[in-house]
Amino acid sequence: MNSSATALRQLLTNQASSFRYAAMINHVLKNMGIPLLGIGLFLLLWAGAAQNINTSLGKFPGPSAVSTQFVALYNEHVAEREKADKFYQRQEKRNAERMAKDPSYQAKIRGYTGKETFLDQIFTSLITVSSGFLLAAIIAVPLGIAIGLSKTLNMAVNPIIQIFKPVSPLAWLPLVTMVVSALYISPDPIVAKSFLNSMITVTLCCIWPMVINTSVGVAGIDEDLVNVSRVLRLPALKHVQKIVLPAAIPMIFTGMRLSLSVAWMVLIAAEMLAQNPGLGKFVWDEFQNGSSESLSRIMAAVITIGFIGFLLDRLMLQLQRWVSWDKSSAQR
Amino acid sequence: MSLLLDISHIDMEFPTPTGSFKALDDVDLKISEGEFVSLIGHSGCGKSTVLNIVAGLYQATKGGVILNGKEVSEPGPERAVVFQNHSLLPWLSAYENVELAVKQVFGRSKSRRETKEWIEHNLKLVHMDHAMHKRPDEISGGMKQRVGIARALAMQPDVLLMDEPFGALDALTRAHMQDSLMEIQAELNNTVIMITHDVDEAVLLSDRIVMMTNGPAATVGEILDINLPRPRSRLDLADNPEYNRLRSEVLRFLYEKQRKVEPFTNGNKSAASKKAEQAA
């Protein structure tokens, strides 16, 4: 009697756990399987279409050609690094020898001037986009708060924002280039002019969504919360710090996410034209180079650009989850 | 009892695109220290406008409010407000919400330990000490309102202004909150002005009920003294003839003398009454 009860219970738990496994497998299939299926279908379509597109540089690259190039690009990077290391070792050795011969000799360290690899370009692009984005945020958030708090200021500034918002980065770039070359004169520049050009262009394009969203967030603060602040007689600065800023945080982040995706798109275009090192320049150089591998290398860059853009957005979302009190606004 | 608050002949006019709209006409009311006064009236009668003028959030067009012999010209913590929908800062915990008020009002006059004790004391008063580190979205509507009351009490106001504090709560929670408020009132004996729609609530809690006429140009219609002995219990009062007489007095005022007739006219008047709804 007792043993049969135990057996029954065991059977039931087994069944329950097998149900749970089934549910889990189902869940995994749904959440992993469907996106994978989508990607697989896309690759098939791509491979099929690529077969049938002939260009002056050969066939349009399919997935396999592109993945080969990914490996090649990585290998080139490793090789270039080795070359650089060897260069520095040689230099050090030579300097040590000369120092031994002549103790008064002042050793000069010369930088390695090999070409920048794909990974270097990615890194440069990330630096440029984050500098441009940060500069934009430093200007846009306080400006947005001021506009949101003052109806008069909003009326004064709004037309200007609305006019500049839709301007393409390519229109700004020549102006920025000329202004930077006119104003940024230094015998020993900290950063390259081309870097400044693309950074400022990024800033000019991604400042607007942040200003607009911040000001909307600030203007939309619950009247009651403002009344709480008035009853407490919070001084202006404390009012902004304790009430306005936290209340507007969800909207500020919405603006920042929009801006960052704009910034990333703008950056690639700016780099192509400004000849600032980065992914845009990589694409342009490959295009000018026109070898049989160029198209697949460009395609590899395209995929990388998309992937990094996606990662940047996720990063912003994660940041929002950490910072913002309103978790519901940080879902997608 | 000495005179604390004098709402002296106030008029309130709101500018509208079709000319000014008179919400209040010669509202005059004197409130003594420790008194609990309810303002009751149909929606749109300008009860909230009166409260907002006392709070200093609105400026009366004519007349003024005198508190402790000084005219009120701006909002301030000595006239703490409990808002209808709690108005807690959603990014702060219950404790931090009260802390913001305490730090602002008492500043350096309280040491760090005194501040902490004072915050905890006030949260205990409203029976929220068990959840003081929860954020507003983690607690129920009634609990939020308790924190709102704790925040107002923590400012040690001369007069506590409550704008339909329990209007958004369900009936059972509301009864709980009323009992809590009576408890606190028995202990602190604050001067309170409360706006309400609820006849039972008004009779149960108040020393005086101020009944307002319908707007536009609303004013004080009748004032009813409630001389029921305290502490009051809602169960005992249910069969109390005096309680029921007072209750029917208020009901008679609201539904016979000041029966609300929704205006069907168009144009100026409907725009004006819409404005009145907003103002109330």
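First the proteins, then the strands, lettered A, B, ... as listed; each starts at 1. Atoms considered below: every heavy atom in the structure, side chains included; atoms not considered: hydrogens, waters and symmetry mates.
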Practice item. Pick one of side chain, backbone, both or neither for B:Ala101, based on which atoms fall under 4.5 Å of a heavy atom in chain A. Key: both

Exercise for review: Considering only heavy atoms and a distance below 4.5 Å, find which of A:Asp222, A:Ile249, A:Leu234 pairs most often with chain B.
Suggested key: A:Leu234

**Study point:** Contact origin within A:Asn227 toward chain B - heavy atom pairs under 4.5 Å
**Key:** both

Practice item. May I ask you to decide whether B:Lys116 forms a salt bridge with B:Glu99, counting only side-chain N to carboxylate O separations under 4.0 Å? Key: no

Review point. Should the pair B:Trp118 and B:His121 be assigned to parallel (<30°), tilted (30 to 60°) or perpendicular (>60°) ring geometry?
Key: parallel

Study note, to complete from the structure: Okay, B:Arg135 and chain A: the region with an atom under 4.5 Å from a heavy atom over there is side chain

Point to revise | Whether over 12 other heavy atoms sit under 6.0 Å from B:Lys22 NZ | key: yes

**Study point:** Under 4.5 Å from a heavy atom of chain A, the part of B:Leu92 involved
**Key:** neither

Check your understanding: With a 4.5 angstrom heavy-atom cut-off, which part of B:Glu78 approaches chain A: side chain, backbone, both or neither?
Key -> side chain

Review point. Just checking, any donor-acceptor pair under 3.5 angstrom between side chains of A:Ser229 and A:His239?
Key: yes

Check your understanding: Should the ring pair B:Phe21 and B:Phe14 be called parallel, tilted or perpendicular, given that the plane angle runs from 0 to 90° and is split at 30 and 60?
Key -> parallel

